[in-house]
Amino acid sequence: ALYLLIETGFFRRGRKVVVAVLLLFCLMPQLSHAQSSLSLDDAVSMALQRHPEIRQAQLQLAAVEARVKQAWDLGETQIGYERGQINYLLVDRNFTIFQPLGTPLQMAATHKYRRMEVDLEKNRLAELQNRLVREVRDAWLQVAWLQARDQLLAEQIAHYARFDTMVQRR
């Protein structure tokens, strides 16, 4: 249908604006209906699931929680072998095994420090989630207010149109 309108020359200078406005008003109810079908709770849950900063904070929290277990690690075991160090007719062999044990107080302090890091990351995640919920709620309420205002304006235009027709009849 649009092709036929273009071919017949319907879109001239004066009619382009009218047709654009009509197309805009034809599409507006569909766009507003698509936006109003999303509830506030759905928008908040969708934002919490899909926001990249939330995902990054969750991964950071998982990494910090994994480091808590490393506080009690003893360290790497070192194994060494030496052969022929002494100038002697027989070949000497020397095997060594070294395991650093660390100090229990240092391990306890490291564990406590890492638990505090976990608490800090949990607080950062909670703060980020609260900020995101507030921003989504503000945006959703603003869209709802604009839709209500648009509906009210449409009703007023209809009232003024009826009033105009009544005035023209008299």
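Position 1 is the first residue of the sequence, and the numbers go up from there. What you see below is based on every heavy atom in this structure, not just the backbone, and it leaves out hydrogens, waters and symmetry mates.
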Let me check something: any side-chain donor-acceptor pairs from residues 155-166 under 3.5 Å, sequence neighbours excluded? List them with distances.
{"unit_1": "His159", "atom_1": "ND1", "unit_2": "Arg162", "atom_2": "NH2", "d": "2.4"}
{"unit_1": "Asp164", "atom_1": "OD2", "unit_2": "Gln168", "atom_2": "NE2", "d": "3.4"}
{"unit_1": "Thr165", "atom_1": "OG1", "unit_2": "Ala161", "atom_2": "O", "d": "3.4"}
{"unit_1": "Thr165", "atom_1": "OG1", "unit_2": "Arg162", "atom_2": "O", "d": "2.7"}

Anything under 3.5 Å between a donor and an acceptor, one on a side chain of residues 55-69, the other on a protein residue two or more places apart or in another chain? List them.
none

Could you tabulate the donor-acceptor pairs under 3.5 Å formed by side-chain atoms of residues 97-111, not counting sequence neighbours?
{"unit_1": "Gln99", "atom_1": "OE1", "unit_2": "Thr77", "atom_2": "OG1", "d": "2.2"}
{"unit_1": "Gln99", "atom_1": "NE2", "unit_2": "Gly75", "atom_2": "O", "d": "3.3"}
{"unit_1": "Thr103", "atom_1": "OG1", "unit_2": "Gln106", "atom_2": "N", "d": "3.3"}
{"unit_1": "Thr110", "atom_1": "OG1", "unit_2": "Gln106", "atom_2": "O", "d": "2.8"}
{"unit_1": "His111", "atom_1": "ND1", "unit_2": "Trp72", "atom_2": "NE1", "d": "3.2"}

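Applying the side chain to side chain contact (heavy atoms under 4.5 Å, CB included) rule to Asn94 yields the partners Glu82, Thr96; only residues at least two apart in sequence or on another chain are considered. Take Arg124 and apply the salt bridge (charged side-chain N to carboxylate O under 4.0 Å, His left out) test, not counting sequence neighbours, and it matches Glu121. Every residue two or more places apart in sequence or in another chain was checked for a salt bridge (charged side-chain N to carboxylate O under 4.0 Å, His left out) with Glu117, and none qualifies.
Separation of atoms CG (Leu132) and CZ (Arg137) is listed at 10.5 Å; rounding is to 0.5 Å.
When atom types are taken as modelled, the side chain of Trp140 and the backbone of Leu38 share a donor-acceptor pair closer than 3.5 angstrom.
The hydrophobic cluster containing Val133 also contains Leu40, counting ILVMFWY residues as joined when their side-chain heavy atoms lie under 4.5 angstrom apart, directly or transitively.
There is a side-chain donor-acceptor pair under 3.5 Å between Ser39 and Asp42.
Nearest heavy atom pair, residue Ala47 against residue Val136, reads CB-CG2, 3.6 Å.
Proximity of Val118 to Arg114: side-chain heavy atoms (C-beta onward) are nowhere separated by under 4.5 Å.
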